[in-house]
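Only one structure is covered here, and it is reproduced in the block below.
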Amino acid sequence: QVQLGESGGGVVQAGDSLRLSCEVTGLTFAQYAMGWFRQAPGKEREFVASIDWSGHTTHYADSVKGRFTISRDNVKNTVNLQLNNLKPEDTAVYYCAGQAAKYYYIRPKDIDEYRYWGQGTQVTVSS
């Protein structure tokens, strides 16, 4: 059974930083591309960042480029998201997700390309 568990969310002030982590079990982590999405109240879930199975290729939403960094540790089976210079509009539940198949990094910004999802971690940024 594949399980994804996010941690690291919290309540911070604008300009602060957070580091989110997602531990993955139940699949050969090093073979799967991973992504982070977020969902604010009343809005659809949106793409934040993605990383291929090797960690060599990443993509970011324009709204977070230059502030957020995605990384992975294929020994610890974790994918991380460093959030710097946080803004109130970054407030959302953040979800990690795994793409649908091994060695698959197709349309990484498309939510439909992800099969595995965590339960999410809340990030709240006050002004």
Side-chain angles (χ1 to χ4, degrees):
Q1 180 180 2
V2 179
Q3 292 187 319
L4 287 71
E6 301 94 336
S7 62
V11 180
V12 297
Q13 294 187 332
D16 285 351
S17 298
L18 280 174
R19 183 175 177 83
L20 307 183
S21 186
C22 174
E23 183 176 10
V24 181
T25 59
L27 54 72
T28 307
F29 180 74
Q31 297 176 346
Y32 286 83
M34 300 295 297
W36 284 93
F37 289 75
R38 66 186 181 186
Q39 187 167 17
K43 295 188 177 181
E44 293 187 350
R45 194 170 298 188
E46 65 175 7
F47 170 79
V48 176
S50 62
I51 189 167
D52 75 348
W53 57 87
S54 70
H56 292 154
T57 302
T58 59
H59 289 82
Y60 294 92
D62 288 343
S63 60
V64 307
K65 204 170 291 183
R67 299 188 299 123
F68 291 7
T69 303
I70 190 171
S71 63
R72 66 188 296 153
D73 186 328
N74 284 349
V75 174
K76 296 181 179 178
N77 288 3
T78 58
V79 56
N80 307 300
L81 187 67
Q82 178 68 37
L83 294 67
N84 294 333
N85 190 21
L86 281 159
K87 303 176 181 180
E89 51 264 42
D90 294 319
T91 295
V93 177
Y94 283 71
Y95 299 89
C96 71
Q99 281 219 311
K102 297 177 183 179
Y103 304 119
Y104 184 87
Y105 193 58
I106 304 298
R107 293 181 292 277
K109 299 182 181 181
D110 187 342
I111 196 170
D112 293 332
E113 297 296 338
Y114 292 82
R115 173 184 291 179
Y116 307 107
W117 292 88
Q119 295 299 308
T121 185
Q122 176 72 47
V123 171
T124 302
V125 185
S126 61
S127 57

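Below, all heavy atoms of this structure are taken into account, side chains as well, without hydrogens, waters or symmetry copies.
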**Q.** Lys/Arg-Asp/Glu bridge criterion (N-O < 4.0 Å) met for Lys65, Asp62
**A.** yes
Q.
To the closest 0.5 Å, what do you measure between CE (Met34) and CD1 (Ile51)?
A. 10.0 Å
Q: Give a yes or no on whether Leu4 and Tyr105 share a hydrophobic cluster (residues Ile, Leu, Val, Met, Phe, Trp, Tyr; joining criterion: side-chain heavy atoms under 4.5 Å apart).
A: no
Q.
So which atom in Gln82 and which in Leu18 form the shortest heavy-atom distance, rounded to 0.1 Å?
A. NE2-O, 3.5 Å
Q) Taking Phe47 as the fixed residue, which of Tyr114, Tyr60, Phe37 is the one that meets the ring pair (Phe, Tyr, Trp, His ring centres under 6.0 Å) rule? A) Phe37
Q) Going from CD1 on Ile111 to CD on Glu46, what distance comes out if it is rounded to the nearest 0.5 angstrom? A) 10.0 Å
Q: Kindly compute the distance separating OG (Ser17) from CG (Asn85), expressed to the nearest 0.5 Å.
A: 7.5 Å
**Q.** Which atom of Trp36 lies closest to which atom of Val79, heavy atoms considered
**A.** CZ2-O, 3.5 Å
**Q.** Pairs involving residues 92-101, ordered by first then second residue, that meet side chain to side chain donor-acceptor pair (under 3.5 Å) (sequence neighbours left out)
**A.** Arg38-Tyr94
Q: Search all heavy atoms of His59 against all heavy atoms of Pro108 and return the closest pair with its distance.
A: ND1-CG, 3.8 Å
Q: Please confirm whether the backbone N or O of Leu20 pairs with a side-chain atom of Glu6, one donor and one acceptor, at under 3.5 Å?
A: no
**Q.** OG-CD distance between Ser50 and Glu113, expressed to the nearest 0.5 angstrom
**A.** 11.5 Å
Q) Quick one: do Ile70 and Phe68 end up in the same hydrophobic cluster if we chain Ile, Leu, Val, Met, Phe, Trp and Tyr together by side-chain heavy atoms under 4.5 Å apart? A) yes
Q: Please check if Val93 and Val123 belong to a single hydrophobic cluster, counting links between Ile, Leu, Val, Met, Phe, Trp and Tyr side chain heavy atoms closer than 4.5 Å.
A: no
Q: Determine, using the 4.5 Å side-chain heavy-atom cutoff (strictly less than), whether Val12 and Val48 are members of one ILVMFWY cluster.
A: yes
Q) What's the shortest heavy-atom distance between Pro88 and Ser126, and which atoms? A) CG-C, 4.5 Å
Q: Quick one: pull up SG in Cys22 and CG in Leu81 and give me the separation to the nearest 0.5 Å.
A: 10.5 Å
Q) Mind checking whether Val24 and Trp53 sit in one hydrophobic cluster, side chains of I, L, V, M, F, W, Y counted as touching below 4.5 Å? A) no
Q: Indicate yes or no for a side-chain donor-acceptor contact from Asp52 to the backbone of Thr57 under 3.5 Å, with no hydrogens or angles considered.
A: yes
Q | For Val11, all residues meeting side-chain contact (heavy atoms from CB on, under 4.5 Å), sequence neighbours excluded | A | Thr124
Q. Does any N or O in the side chain of Arg72 come within less than 3.5 Å of the main-chain N or O of Gly55, such that one atom is a donor and the other an acceptor?
A. no
**Q.** Residue pair Arg45 / Trp117, side-chain heavy-atom distance below 4.5 Å
**A.** yes
(Q) Using every non-hydrogen atom in the two residues, find where Ala40 and Ala92 come nearest and quote the distance to one decimal. (A) N-CB, 3.8 Å
Q. If you round to the nearest 0.5 Å, how far is CZ of Phe29 from CG of Asp73?
A. 8.0 Å
Q) Between Arg67 and Leu86, what is the shortest heavy-atom contact and its length? A) NH1-CA, 3.9 Å
Q | Flag if over 12 foreign heavy atoms under 6.0 Å of CD, Gln122 | A | yes
Q: Can you establish whether the number of heavy atoms outside Gln13 located under 6.0 Å from its atom CD is more than 12?
A: no
